[in-house]
Amino acid sequence: MLVVMKPQATEEDIRRVAAKIEAMGFRAHLIPGAQRTAVGITGNPGPLDPAEFESLPGVAEAIRVSKPYKLVSREVKPENSVIQVGPAEAGVRIGGPELGIIAGPCAVESREQLLLAAEAVKKAGARLLRGGAFKPRTSPYSFQGLGRPALEALAEARRQFGLMIVTETIDPENCDLVEEYADVLQVGARNMQNFSLLKRVGRSPKPVLLKRGLSATLEEFLMAAEYVLSEGNYNVILCERGVRTFSDHSRNTLDLSLVPAVKSLSHLPILVDPSHGTGRRDKVIPMARAAVAAGADGLIVEVHPDPDRALSDGYQSLFPSQFQELMNQVTAIAAVLGRSTQPRSGMAPS
Ligand code: PEP
Ligand code: MN
């Protein structure tokens, strides 16, 4: 249920509604909006009586939310959510007019490799740096990531280049460490339904980048996001990264129609990963262009200073010069849609 407050409701009115919800043993979620605040209720085993809330001062109405994903749904929040990554002065806002462009290697392989990648993606205009410290690999014998030294290297890149750090957390225990370094906690496709991890990142102060599972439906994807929001972390960025199909010309099939589908059902921003979505370097730039044209709020792209020697996903990683080309092209496409790859003031802060 959603308790919609009147535009002139006072903070005291809102507090009273939240206190009543908590006293009933349920959870109250404050959802501020442009016109009015709403209070979402979760944890109730069955339908509640709207009259219980509509008699309270400052309440406009209490409505049932029809979708199974409550807090993620546009029914509870009509405006797009804009997620603040990093500090307000130096960070990046994802979901507004600026596209969130995350780029970097699949995995951090060494300090040198990461700093070279960071320098290249920064120069091309990316404002967020990706790089796995812990890699969920199909084979237990494949490179699993460097762990803490990789996180140290990411922090060094942030210091040197002012890039925000996006890196994956693979289980709830591991999250304690990753959270100390990351600006955004990535939950990978293989973990989209790792419910204990979703609950753990739901209690984190850091924004979460949630990737779509390998064969997840839109509803399953949004329900996974709901796990995070239901724990109190409303800063979730969704990411389409391709799904498993019978196609054999690409690693996965990038499902770009998910972008408008998410936009109509949810207020959360959605990025697209054309790297894992195609698995082939020559398909990354075309699908990045298409993703931006489809209305994605940004991209996550694998870029490596020496892709042929990469320890993971080299065949889908762009050379730095190709990433520059991608940025030039998506910047032009973004402009058609009234968006940009840089903050409104023009150049990225250095
Ligand atoms: C990644 O981003 O490196 C990754 C492992 O992605 P996914 O979880 O989408 O496979
Ligand atoms: Mn990868």
Side-chain angles (χ1 to χ4, degrees), residues 100-109 113-114 117 121 126 128-140 142-147 150-151 153-154 164-171 174-175 178 182-194 197-198 201 207-216 220-221 224-225 228 236-245 250-256 258-259 270-281 283-284 287-288 291 296 298-319 323:
I101 308 284
I102 307 169
C106 179
V108 179
E109 298 164 6
Q113 170 249 16
L114 184 73
V121 304
L128 302 103
L129 176 68
R130 61 153 294 146
F134 298 92
K135 296 301 301 175
R137 302 303 299 280
T138 302
S139 164
S142 299
F143 176 59
Q144 304 281 312
L146 297 178
L151 296 171
L154 287 162
M164 296 291 108
I165 300 305
V166 181
T167 194
E168 183 163 355
T169 172
I170 54 172
D171 58 49
N174 163 271
C175 192
V178 175
D183 296 301
V184 177
L185 297 168
Q186 178 174 330
V187 174
R190 288 158 194 78
N191 272 320
M192 189 205 81
Q193 286 188 318
N194 179 340
L197 179 60
L198 295 175
V201 298
V208 175
L209 176 69
L210 177 64
K211 300 190 89 178
R212 182 186 184 183
L214 275 67
S215 62
E220 287 164 345
F221 191 21
V228 183
V236 173
I237 303 157
L238 303 171
C239 179
E240 158 62 24
R241 49 77 74 206
V243 289
R244 184 72 58 90
T245 71
S250 61
R251 179 177 175 186
N252 292 298
T253 297
L254 192 61
D255 181 12
L256 285 184
L258 189 88
V259 173
I270 175 152
L271 307 186
V272 168
D273 176 346
S275 306
H276 294 87
T278 64
R280 298 297 296 259
R281 190 178 301 143
K283 298 187 175 70
V284 172
M287 295 316 281
L299 301 167
I300 176 165
V301 183
E302 288 186 339
V303 181
H304 195 288
D306 188 359
D308 294 334
R309 288 200 183 71
L311 297 182
S312 61
D313 288 351
Y315 35 86
Q316 68 193 31
S317 298
L318 297 185
F319 288 90
F323 180 63

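The analysis underlying the following values was restricted to heavy atoms, covering all of them including side chains, and did not include hydrogens, waters or symmetry mates. We count ligands from 1, going down the list as the structure has it; atoms in each ligand are counted the same way. We're numbering straight along the sequence, starting at 1.
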remark   = Protein-side N, O or S atoms sitting under 2.8 Å from the Mn ion (ligand 2) are Cys106 SG, His276 NE2, Glu302 OE2, Asp313 OD2

ask   = What residue and heavy atom of the protein are closest to atom 4 (C) of ligand 1, and at what distance?
value = His276 NE2, 3.4 Å

query = What's the shortest heavy-atom distance between His304 and Ser317, and which atoms?
reply = CB-CB, 3.9 Å

task = Taking all non-hydrogen atoms of both residues into account, name the closest pair between Arg212 and Arg241 and its distance.
result = O-CD, 3.2 Å

message = Give me the atom names and distance for the closest heavy-atom approach of Leu318 to Pro307.
response = O-CG, 4.0 Å

task = Search all heavy atoms of Ser275 against all heavy atoms of Val284 and return the closest pair with its distance.
result = CA-CG2, 4.0 Å

task = Inspect the contact between Lys135 and Asp313 and indicate whether a charged nitrogen and a carboxylate oxygen are less than 4.0 angstrom apart.
result = no

ask   = Does Arg130 have a non-hydrogen atom less than 4.0 Å from ligand 1?
value = yes

request  = Starting at CZ of Arg244, measure out to OG1 of Thr253 and round the result to the nearest 0.5 Å.
outcome  = 10.0 Å

inquiry  = Between Asp308 and Arg281 (salt bridge meaning N to carboxylate O under 4.0 Å), is one present in this structure?
reply    = yes

ask   = Going by the atom numbers of ligand 1, which of them fall below 4.0 Å from some non-hydrogen atom of Gly188?
value = 8 (O)

query = In ligand 1, which numbered atoms sit nearer than 4.0 Å to a non-hydrogen atom of Gln186?
reply = 1 (C), 2 (O)

query = Hey, which of Ile300, Leu210, Val178 is the one that makes side chain to side chain contact (heavy atoms under 4.5 Å, CB included) with Gln186?
reply = Ile300

ask   = Quick one: which ligand 1 atoms are inside 4.0 Å of a heavy atom on Arg241?
value = 7 (P), 9 (O), 10 (O)

request  = Report the residues that fulfil salt bridge (charged side-chain N to carboxylate O under 4.0 Å, His left out) with Asp171, sequence neighbours left out, ordered by chain and then residue number.
outcome  = none

ask   = Is there any N or O on Glu168 that sits under 3.5 Å from an N or O of ligand 1?
value = no

query = What are the atoms of ligand 1, with element, lying closer than 4.0 Å to any heavy atom of Ala189?
reply = 7 (P), 8 (O), 9 (O)

message = Considering both backbone and side-chain atoms of Asp273, is one of its nitrogen or oxygen atoms within less than 3.5 Å of a nitrogen or oxygen in ligand 1?
response = no

remark   = Taking only non-hydrogen atoms of Glu302 and a 4.0 Å limit, the atoms of ligand 1 in range are 3 (O)

query = Which of the numbered atoms in ligand 1 are below 4.0 angstrom from a heavy atom of Cys106?
reply = 3 (O)

ask   = Among protein heavy atoms, which lies nearest atom 6 (O) of ligand 1, and at what distance?
value = Lys211 NZ, 3.0 Å

query = Can you tell me how far OG1 of Thr169 sits from CG of Asn174, rounded to the nearest 0.5 angstrom?
reply = 4.0 Å

task = Grab the two heavy atoms, one from Cys239 and one from Val272, that are nearest each other, plus how far apart they are.
result = SG-C, 4.3 Å

key: Heteroatom distance test (Asp313, ligand 1): nitrogen or oxygen, under 3.5 angstrom   = no

inquiry  = Looking at every non-hydrogen atom in both residues, tell me the closest pair between Gln113 and Pro305 and how far apart they are.
reply    = O-CG, 3.7 Å

